[in-house]
Amino acid sequence: MIYPIKSELNFYRCSIYSLQIRFMAFKHDFAKGVAYTAIAKYFSVFISIFISAILARLLTPEDFAIIAIATVFIGFITLLTGSGLSPAIIQQKNLTKSDIRDLFSFTIYLAIIASILFLGAIPLISKFYSNHILENICLLLIVNVFFSVVNIVPNALLFKEKRFKYIAIRTIVVQTSLGALSVIGALSGLGVYALLINPIIGSILLFIISYRCYNITVSLRFNFTIIKSILPYSAYQIGFNILNYGYRNTDTLLIGRYLGMNTLGFYEKSYRLMMMPLDNLSNVINPVLHPLLSEYQDNRTFIFEKYKQLTRYLGYIGFLLTGFCFSCASDIILILFGEQWVPSISIFKILSLSIGIQIVQSAVGAVFQSTGKVKLLFFSGLLSFIVSVGAIVIGILSKNIDFLASLIVLAFILAFIIYHVALIKIVMEENFLNFISSLCRPILSGLIIGIILSSFKYFCPISNMYINFLLCIAITFTSILIMQKVKIIVGMPDLYNLLITKLRNVKIRRPFIF
């Protein structure tokens, strides 16, 4: 009986060792992917903020409102015609060259259909908003619709093969060059049309760069076999994308129609600024998380543990940002956009209360996708859509933009609960309350930052907003260090020890003596 026991022990040891290797490999690939994606994204954020600050001083709130409305419609058409293909391609493990050729040929037909649909909708859009400039803008954006759809397959292949470094370089080059062109266009008197440079030329450049990596052949006739095989996954993914897009953009469409373009301009600027941390975190994490987790799609325990670790980090980032943005709303708006955007301050202050909860939720879609539960993701999205649209309609009827912003925050919180009840209880079969309890410390840390900064601004008012803003940043950083020392913030990199280590490693050079 000794030998079987030894054999069994050796088997378990090998299994544990194999699991440890897989954990380490996942951690390495995730860190590497996030690093490259983060470099590209946050460099793009810096460029985007800088460009936006310049354009906000050269253009009017109404100009931004017109582009916002046009962007909502082209985004919807693009989602309707092929958004579910990208995650389906990433999830599919045995794609052949002929499969890729068939999928790419299929997207060309989809792109033509999408362009025709959008062209047919333009007169209706223009009539609904009684704005002829909007009609001209939409006609030009047909180019964006076409190239966004045909880029789906080449772009998905880049993520499937985890070519994150290449994607990072591509993003930095395109964003920087097009940002500079947009400013030059605005300074040259193009007005609202300067805002079209990025979406139109950007979609063309991204397609050309991605396509050159694979040089996929095109066939007028293609086999529907691969399309049928991914359709069950893709259909629910497209449905979810449309619902998610709808509940995040219905407010823009209704505000522009019933509260006016000027009000929409102020709201849109606040909303996009609030969404900036979320967009840039989710766009860094999700493209990396889905391809990596999909390799462990049958190991729910592994996926759940990794997701819990991720949400703890996201929770601290999100709720600390909530406290900072809520307290420094006026400084942020005035420094970035100038005095003409003062009406955006109260809107941004309210919307910033949802930053933490949205950042925590930002990775939930990738987890549903990696486990293959896109049908459940769709129905969760449907329920969230109903809640969100109901809140927006009530807010529109009140004709009070601040009240509408408050209801939207409430809708985001309810959506968070809906998605995570489905994910934690149904998919993972874990305790939902235990998962929520892991967010108590992040919420508390954000609340402390908010109270400290609000007290500082109340008791020590400083007229110079630049000095005030810098002091708020310093106070925030100091408060985080203290909270780490007293163990309010745990499980995050120790910033104090990291700072001390860096300072000790700085070499003091002797001055050059002539």
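Computed from a prediction, not measured in an experiment: that's the story for all the values here.
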Novice: Look at the rings of Phe207 and Phe147 and say which category their plane angle falls in: under 30° parallel, 30 to 60° tilted, over 60° perpendicular.
Specialist: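 If you compare the ring of Phe207 with that of Phe147, the planes turn out tilted.
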Novice: Would Ser454 and Ser327 count as having a side-chain donor-acceptor pair, cut-off 3.5 Å?
Specialist: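 Note: Ser454 and Ser327 side chains meet the donor-acceptor criterion.
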Novice: For Pro61 and Gln340, work out which heavy atoms get closest and say how close.
Specialist: CD-OE1, 3.9 Å
Novice: Using 0.5 Å steps for rounding, measure from the OG atom of Ser479 to the CG atom of Leu453.
Specialist: 6.5 Å
Novice: Roughly how far, to the nearest 0.5 Å, is the OG atom of Ser182 from the CG atom of Asn198?
Specialist: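 Spacing of CG (Asn198) from OG (Ser182) equals 5.5 Å.
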Novice: Can a side-chain donor-acceptor contact be found between Ser388 and Arg248 if the only test is distance below 3.5 angstrom?
Specialist: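 Looking only at side-chain atoms, Ser388 and Arg248 do not form any donor-acceptor pair under 3.5 Å.
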Novice: Do we see a donor-acceptor contact under 3.5 Å between the side chains of Asp251 and Tyr267?
Specialist: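 A donor-acceptor contact under 3.5 Å links the two side chains.
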Novice: Ignoring hydrogens and angles, state whether a donor on the side chain of Asp63 or Thr60 is under 3.5 Å from an acceptor on the partner side chain.
Specialist: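 Checked: Asp63/Thr60 side chains pair up, N/O donor to acceptor below 3.5 Å.
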Novice: Under the side-chain contact (heavy atoms from CB on, under 4.5 Å) criterion, do Leu444 and Phe319 qualify, and how do the steps go?
Specialist: CA-CA 8 Å; Leu444 177 61; Phe319 289 107; over 6 Å; no
Novice: Check whether Thr322 reaches the backbone of Gly356 with its side chain - one donor and one acceptor, N or O, closer than 3.5 Å.
Specialist: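 Flag set: sc Thr322 to bb Gly356 pair under 3.5 Å.
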Novice: Would you say Asn144's side chain and Pro199's backbone share a donor-acceptor pair under 3.5 angstrom?
Specialist: yes
Novice: Between OG1 of Thr311 and CD1 of Ile359, what distance do you get to the nearest 0.5 Å?
Specialist: 13.0 Å
Novice: Given the rule in the ring-ring contact (aromatic ring centres under 6.0 Å, His included) test, do Trp341 and Phe348 qualify, once you have shown the distances and angles that lead to the verdict?
Specialist: CA-CA 11 Å; Trp341 295 91; Phe348 176 66; over 10 Å; no
Novice: Do Val342 and Ile333 come close enough that some side-chain heavy atom pair is under 4.5 Å?
Specialist: no
Novice: Working note: Tyr271 + Thr252, criterion side-chain contact (heavy atoms from CB on, under 4.5 Å); need CA distance, chi angles, decisive distance, verdict.
Specialist: CA-CA 10 Å; Tyr271 188 90; Thr252 297; 5.9 Å; no
Novice: Quick one: are Ser438 and Arg312 in side-chain contact, heavy atoms under 4.5 Å?
Specialist: no
Novice: Could you measure the distance from the CD1 atom of Ile480 to the CD1 atom of Ile448? Nearest 0.5 Å is fine.
Specialist: 11.0 Å
Novice: Search all heavy atoms of Leu310 against all heavy atoms of Ala363 and return the closest pair with its distance.
Specialist: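 Closest heavy-atom pair between Leu310 and Ala363: CD2-CB, 3.7 Å.
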Novice: Answer yes or no: does atom NZ of Lys375 have more than 12 heavy-atom neighbours from other residues, nucleotides or ligands under 6.0 Å?
Specialist: no
Novice: Indicate yes or no: at least one non-hydrogen side-chain atom of Leu353 is less than 4.5 angstrom from one of Met274.
Specialist: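 Side-chain contact under 4.5 Å: no.
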Novice: Any idea which heavy atoms bring Ile137 and Ala70 closest together, and the distance?
Specialist: CG2-CB, 3.9 Å
Novice: Rounded to the nearest 0.5 Å, what separates atom CG in Leu320 from atom CD1 in Ile355?
Specialist: 11.5 Å
Novice: What do the steps show when you test Asn151 against Ser203 for side-chain contact (heavy atoms from CB on, under 4.5 Å), and what is the final call?
Specialist: CA-CA 8 Å; Asn151 191 37; Ser203 63; over 6 Å; no
Novice: Side chains of Ser346 and Asp402 only: does a donor on one sit below 3.5 Å from an acceptor on the other?
Specialist: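 Yes.
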Novice: Would you mind reporting whether Ile436 and Phe416 have side-chain heavy atoms less than 4.5 Å apart?
Specialist: yes
Novice: So do the side chains of Tyr316 and Arg441 get within less than 4.5 Å of each other, counting heavy atoms only?
Specialist: yes
Novice: Looking at every non-hydrogen atom in both residues, tell me the closest pair between Gly265 and Ala65 and how far apart they are.
Specialist: N-CB, 3.8 Å
Novice: Which distance, rounded to the nearest 0.5 Å, do you find between the CZ of Phe379 and the CD1 of Ile418?
Specialist: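 Reported value, rounded in 0.5 Å steps: 14.0 Å.
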Novice: Whether Lys269 engages the ring of Phe64 as a cation-pi pair (distance to the six-membered ring centre under 6.0 angstrom, angle to the ring normal within 45°) should be assessed.
Specialist: yes
Novice: Do you know which two heavy atoms are closest between Phe385 and Leu243, and how far apart they sit?
Specialist: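 Result for this residue pair: CD1-O, 3.5 Å.
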Novice: Would you sort out whether Ile69 and Leu134 count as a side-chain contact (heavy atoms from CB on, under 4.5 Å), showing the intermediate values?
Specialist: CA-CA 8 Å; Ile69 290 172; Leu134 180 60; 4.0 Å; yes
Novice: Are Phe435 and His420 close enough that their ring centers fall under 6.0 Å?
Specialist: yes
Novice: With the side chain counted from C-beta on, respond yes when Leu264 and Arg257 share a heavy-atom pair under 4.5 Å apart, and no when they do not.
Specialist: no
Novice: Would you call Lys425-Glu429 a salt bridge at under 4.0 Å N-O?
Specialist: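 No, no charged N to carboxylate O under 4.0 Å.
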Novice: Heavy atoms only: give me the nearest Tyr245-Gly75 pair and the separation to one decimal.
Specialist: OH-CA, 3.2 Å
Novice: Is there side-chain contact between Ile332 and Phe337, with heavy atoms separated by less than 4.5 Å?
Specialist: no
Novice: Where do Phe469 and Phe324 land on the ring-ring contact (aromatic ring centres under 6.0 Å, His included) test, with the steps shown first?
Specialist: CA-CA 10 Å; Phe469 187 66; Phe324 180 81; 5.8 Å; yes
Novice: For residues Ile255 and Leu404, determine if any side-chain heavy atom of one lies less than 4.5 Å from a side-chain heavy atom of the other.
Specialist: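 Answer yes - side chains close enough.
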